[in-house]
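Before I ask anything, here is the structure I am working with.
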Amino acid sequence: MVWPGSLVATARTTLQRAKVKTRYLGSTDISSPMGEILLVQVLEKGEMEIAGASRSADQHTAIALLQQCGADRVMLDGALGRSHHASPAIADGVVLATGAALGGGMGDVLRKTRDRLAILNLAAAPAEVQQRCAMVFEDGGVGLWGPAGEAVFQAPIATLNAGTTLLAQAQGRAVALVAVSGAVGRALWAALLSLAQANPGLTVMVADGTKLFVEASDLAQLQRLGAQLLAHRAIRLMGLTVNPFSPYGGSFQADDFLATAQHAFPGLCVSDVLLEFDGVSA
């Protein structure tokens, strides 16, 4: 849903299907599978399909162009499979949307939501740890440090396949800190578990929660080994929105779902944007 005056960056194909009148502002010179990403200003209330840039560098470009056009706040729409939008490298804050579409009963939805929050909501590492690992996150790659803070290994290598290298470099040495700048998949996670088992009290530092391609149960397993998982930059979680309806059929009673979610996540601002809120009907 868009409103008069809204600025939108979307693909040419989706713009042609828009149900609202818009004013063309210019091109971003960003290509996508659905056509070039264009900038428009909305002239009337209505609905638009948004398909924007997928690469981080292109997203930064689109955000900057929207701001140059006068945008005070830029909102990025992501998805579970494209959670890199939530990275602090792109977004100043994140609103997580959840609901009946996840499948199962209300308890199942809240459990799955809690698992996602556990991954996204990693705490930031202390300043001294940040300083020690700074080069890894500036140059990319991975790094290992010993108990006294001494550097054991550092290299700007691809992280997805770095597990074997980390295990080889740590062989026969005490390791207290591991830093990984990029994506953490199953193979690398298995290596981190091995390092945690061999080095009690290990600290593992990743860029942020969007780089973890593992499950909440995997995080719990690492913690059971006595290791600590921290982020180079913590995601600022602004709130949680809940949708009681599923496009696949089935729904929850909206008031009950909202109240249950608010009780389940007392530390978050939890809302249903289509329910009456503060006396104003959205």
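Quick caveat, the model's predicted, so the values are computed rather than measured. For the single chain, residues carry numbers from 1 onward in sequence order.
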The criterion is ring-ring contact (aromatic ring centres under 6.0 Å, His included); which residues satisfy it with Phe257, sequence neighbours excluded?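 For Phe257 the ring-ring contact (aromatic ring centres under 6.0 Å, His included) partners, ignoring immediate neighbours, are Phe252.
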
Could you list the cluster mates of Met48? Members are the ILVMFWY residues connected by side-chain heavy atoms closer than 4.5 Å, either directly or through other members.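 Members besides Met48, by chain and number: Val2, Val8, Leu15, Val20, Tyr24, Leu38, Val40, Val42, Ile50.
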
Under 4.5 Å side-chain heavy-atom separation, chaining through any Ile, Leu, Val, Met, Phe, Trp or Tyr, what else clusters with Ile90? Say none if it is isolated.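 Members other than Ile90 - counting any ILVMFWY side chain reachable under 4.5 Å - are Leu7, Leu25, Leu39, Ile63, Leu65, Leu66, Val74, Leu76.
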
Spacing of OG1 belonging to Thr241 relative to CG belonging to Leu268, to within rounding of 0.5 Å: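 Thr241 OG1 to Leu268 CG: 11.0 Å, rounded to 0.5 Å.
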
In this structure, would Val270 and Ile235 fall into the same cluster of hydrophobic residues linked by side-chain contacts under 4.5 Å?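 Yes, it is one cluster - the side chains of Val270 and Ile235 are joined through contacts under 4.5 Å.
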
How many angstroms lie between CD1 in Ile119 and CZ in Arg116, if you round to the nearest 0.5 Å?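 Between atom CD1 of Ile119 and atom CZ of Arg116 there are 5.0 Å.
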
Residues forming a side chain to side chain contact (heavy atoms under 4.5 Å, CB included) with Ala254, sequence neighbours excluded: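 Per chain and number, Ala254 pairs via side chain to side chain contact (heavy atoms under 4.5 Å, CB included) with Pro244, Asp272, Leu275.
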
Tell me whether Leu195 is reachable from Val129 by hopping between hydrophobic residues (I, L, V, M, F, W, Y) whose side-chain heavy atoms are closer than 4.5 Å.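 No, because Val129 and Leu195 fall into different hydrophobic clusters, even though each may have its own neighbours under 4.5 Å.
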
Give a yes or no answer on whether the side chain of Gln130 reaches the backbone of His232 with a donor-acceptor pair at less than 3.5 Å.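 Yes, because the side chain of Gln130 sits within donor-acceptor range (under 3.5 Å) of the backbone of His232.
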
Which pair of non-hydrogen atoms, one from Leu167 and one from Ala191, has the smallest distance, and what is that distance?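 For Leu167 and Ala191, the tightest heavy-atom pair comes out as CD2-O, 3.7 Å.
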
Salt bridge (charged side-chain N to carboxylate O under 4.0 Å, His left out) involving Arg236 - partner list, sequence neighbours excluded: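 For Arg236, no residue satisfies salt bridge (charged side-chain N to carboxylate O under 4.0 Å, His left out) once neighbours in sequence are set aside.
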
Using the rule side chain to side chain contact (heavy atoms under 4.5 Å, CB included), only one of Leu188, Val136, Thr159 pairs with Val142; which is it?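 The residue from Leu188, Val136, Thr159 that satisfies side chain to side chain contact (heavy atoms under 4.5 Å, CB included) with Val142 turns out to be Thr159.
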
Is there any side chain to side chain donor-acceptor pair (under 3.5 Å) pair reaching into residues 8-23, and which pairs are they, with sequence neighbours excluded?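 Side chain to side chain donor-acceptor pair (under 3.5 Å) check on residues 8-23 returns Thr10-Thr14, Arg12-Glu36, Arg17-Glu49, Arg23-Gln41.
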
If you draw a 6.0 Å radius around CE in Met1, do more than 12 non-hydrogen atoms from other residues or ligands fall strictly inside?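 Yes, enclosed.
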
Report all side-chain donor-acceptor pairs from residues 169-186 shorter than 3.5 Å, counting only partners two or more places apart or in another chain.
residue, atom, partner, partner atom, Å
Arg173, NH1, Val152, O, 3.2
Ser181, OG, Gly141, N, 2.7
Ser181, OG, Gly141, O, 2.9
Arg186, NH1, Asp218, OD2, 2.6
Arg186, NH2, Asp218, OD1, 3.3
Arg186, NH2, Asp218, OD2, 3.4

Can I get a per-line list of side-chain donor-acceptor pairs under 3.5 Å for residues 106-113, giving both atom names and the distance, sequence neighbours left out?
residue, atom, partner, partner atom, Å
Asp108, OD2, Gly105, N, 2.9
Lys112, NZ, Leu102, O, 3.0
Lys112, NZ, Gly103, O, 3.4
Thr113, OG1, Thr98, OG1, 2.6
Thr113, OG1, Val109, O, 2.8

For atom CD of Gln197, is the number of surrounding heavy atoms from other residues, nucleotides or ligands below 6.0 Å larger than 12?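 12 or below, so no.
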
Within this structure, what is the OG-CG distance for the pair Ser217 and Leu222, rounded to the nearest 0.5 Å?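 Taking OG in Ser217 and CG in Leu222, the distance rounds to 11.5 Å.
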
For Ser54 and Asp58: C-alpha separation, side-chain torsions, deciding distance, then whether side chain to side chain contact (heavy atoms under 4.5 Å, CB included) applies. CA-CA 7 Å; Ser54 58; Asp58 290 339; 5.9 Å; no

Looking at residues at least two apart in the chain, or sitting in another chain, which of them share a side chain to side chain contact (heavy atoms under 4.5 Å, CB included) with Ala231?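 Here the qualifying residues are Leu122.
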
Spacing of OG1 belonging to Thr61 relative to CZ belonging to Arg55, to within rounding of 0.5 Å: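 Between atom OG1 of Thr61 and atom CZ of Arg55 there are 9.0 Å.
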
If you compare all heavy atoms of Ala11 against all heavy atoms of Gly35, which two are closest, and at what distance to 0.1 Å?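 Of all heavy-atom pairs spanning Ala11 and Gly35, the closest is CB-O, 4.0 Å.
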
Give me each pair satisfying side chain to side chain donor-acceptor pair (under 3.5 Å) with a member in residues 132-153, each pair once, sequence neighbours excluded.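 Passing the test, one end in residues 132-153: no pairs.
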
Going by side chain to side chain donor-acceptor pair (under 3.5 Å), name the pairs with one or both residues in residues 199-212, residues two or more places apart or in two chains.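 Residue pairs with at least one partner in residues 199-212: Ser87-Asp208, Asp208-Thr210.
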
Holding to side chain to side chain contact (heavy atoms under 4.5 Å, CB included), I want the full list of residues that pass it with Ala198, two or more places apart in sequence or in another chain.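 So Ala198 forms no side chain to side chain contact (heavy atoms under 4.5 Å, CB included) with any residue.
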
Under 4.5 Å between side-chain heavy atoms, hopping through other hydrophobics if needed: is there a path connecting Ile157 to Met135?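 No; Met135 is not reachable from Ile157 via cluster members.
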
Roughly how far, to the nearest 0.5 Å, is the CG atom of Leu229 from the CG atom of Leu192?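 Leu192 CG to Leu229 CG: 8.5 Å, rounded to 0.5 Å.
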
Looking at every heavy atom in both Ala124 and Leu230, which two are closest together, and how far apart are they?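 Scanning both residues, the minimum pair turns out to be O-CD2, 4.4 Å.
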
Are Leu117 and Leu219 grouped together when hydrophobic residues (ILVMFWY) are joined by side-chain heavy atoms under 4.5 angstrom apart?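 The answer is no; the residues belong to distinct hydrophobic clusters.
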
Please answer whether the main-chain N or O of Asp29 pairs with a side-chain N or O of Ser27 as donor and acceptor at a distance below 3.5 Å.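 It does hold such a pair.
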
Should Val206 and Leu160 be regarded as members of a common hydrophobic cluster, given that ILVMFWY residues are connected when their side-chain heavy atoms come within less than 4.5 Å of each other, either directly or indirectly?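 Not linked; separate clusters.
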
Rounded distance [0.5 Å steps], CG in Asp255 versus OG1 in Thr260: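 Rounded to the nearest 0.5 Å, the CG-OG1 separation comes to 10.5 Å.
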
